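In this text, all values refer to a predicted model and were calculated from it rather than measured experimentally.
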Amino acid sequence: MFYKAHKEGAKIILVSTIITALLFILIDQFVVNMEWLRIALMLVVLVFFVLILQFFRNPKRETPINPNHIISSVDGKVVVIEEVEENEYFKDKRRMISVFMSPLNVHVTRYPMSGCVVYSKYHPGKYLVAWHPKASEENERTTVVVENEQFGKVLYRQIAGALAKRIVNYAKEGDVALQGADAGFIKFGSRVDIYLPLSAKVKVTLGQKVKGGIDVIAEV
């Protein structure tokens with residue numbers, strides 16, 4: 001199923017369309033004596049093109065806004081739920097929930113709650129595999145903190161993976177965040193960590209698949 005493409009994929013999709021068209025022409029012109037090979041090569045090129053379109057899809061989500069809920073920022077699988085020391089902003093213990101995105105997942109990042117953006121910072125870094133224990137502190141990443149009355153301050157961190165070479169973050173300090181609204185994009189595989197108060201009640205389990213802007217991961 002195809003969806004409207006995210007704006008971050010516009011240039012890549014345009015280039016991919018041109019390359020796909022050129023490859024089709026070359027295959028049609030130079031692979032003339034082996035029909036099965038010509039069809040096979042065209043199918044391979046078409047599959048790669050479809051995968052790129054799927055990667056940059058931006059499905060419309062109707063977020064059930066609830067100030068007492070934290071929703072998943074991204075599509076993916078819950079790979080970590082643990083109490084950790086958050087060393088960049090809070091410098092104390094928080095409940096961290098990590099959602100890993102494969103290249104086949106939707107890679108739009110959405111605000112996990114409504115409130116005011118009080119912190120937003122980009123960090124250049126390495127490109128370790130996204131599930132590596134040190135990825136949260138050593139990989140290319142952005143850190144955003146949103147504050148509201150129900151939860152206080154909640155931090156989410158976009159983390160680049162081994163394939164992701166560009167993180168897009170729209171959140172700026174002073175912005176008003178709307179739960180479920182588009183907050184950024186990570187290209188080609190990655191993960192998002194959310195740091196919650198220890199008092200928050202976790203509503204997901206390890207290995208659970210979640211949808212960004214839809215599934216509740218914690219509540220007051």
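Within the 4.5 Å cutoff, side-chain heavy atoms of L178 are placed close to those of I65. At a threshold of 4.5 Å between non-hydrogen side-chain atoms, the residues V144 and S120 count as touching. The shortest side-chain heavy-atom distance between F90 and E85 does not fall under the 4.5 Å cut-off. Counting heavy atoms from C-beta on, the side chains of S16 and I13 never come closer than 4.5 Å. Side chains of V84 and Y195 form a contact here, defined as non-hydrogen atoms less than 4.5 Å apart.
Heavy-atom contacts from other residues, nucleotides or ligands closer than 6.0 Å to CD of E83 number more than 12. Atom CG of N87 is surrounded by more than 12 heavy atoms from other residues, nucleotides or ligands within 6.0 Å.
At least one donor-acceptor pair under 3.5 Å links the side chain of N66 to the backbone N or O of N68. Remark: the backbone N or O of A171 is paired with a side-chain donor or acceptor of N169 at under 3.5 angstrom. Side chain of D28 to main chain of F30: no donor-acceptor pair is present (N/O by atom type, distance under 3.5 Å, no hydrogens or angles). Checked by atom type and distance alone, the side chain of S72 never pairs as donor or acceptor with a backbone atom of D215 at under 3.5 Å. At distances below 3.5 Å, at least one donor-acceptor pair connects side-chain atoms of S73 with backbone N or O atoms of R110.
Looking at every heavy atom in both residues, P67 comes nearest to N148 through O-ND2, 4.2 Å. Taking each heavy atom of V45 and I27 in turn, the nearest pair found is CG2-CD1, 4.1 Å. Considering every non-hydrogen atom in both E62 and I214, the closest pair reads O-CD1, 3.7 Å. V106 and M101 get closest at one heavy-atom pair: O-SD, 4.0 Å.
The existence of a salt bridge linking D75 and R61 is confirmed by a sub-4.0 Å separation between a basic side-chain nitrogen and an acidic carboxylate oxygen. For K121 and E88, the salt-bridge test fails: no basic side-chain N is under 4.0 Å from an acidic carboxylate O.
In the hydrophobic cluster analysis, where Ile, Leu, Val, Met, Phe, Trp and Tyr join through side-chain heavy atoms closer than 4.5 angstrom, F24 is grouped together with V15. Residue M113 is grouped with residue V204 when hydrophobic side chains (ILVMFWY) are merged at heavy-atom distances under 4.5 angstrom, including chains of intermediate members.
Remark: of the listed residues R94, K91, R157, R157 is the sole one forming a side chain to side chain donor-acceptor pair (under 3.5 Å) with E86.
Taking the six-membered ring for Trp and thresholds of 30 and 60 degrees, Y89 and Y119 have ring planes inclined between 30 and 60 degrees apart.
Atom NZ of K93 is separated from atom CD of E82 by 10.0 Å, given to the nearest 0.5 angstrom.
Q179 and H69 form no side-chain donor-acceptor contact under 3.5 Å, judged by distance and modelled atom types alone.
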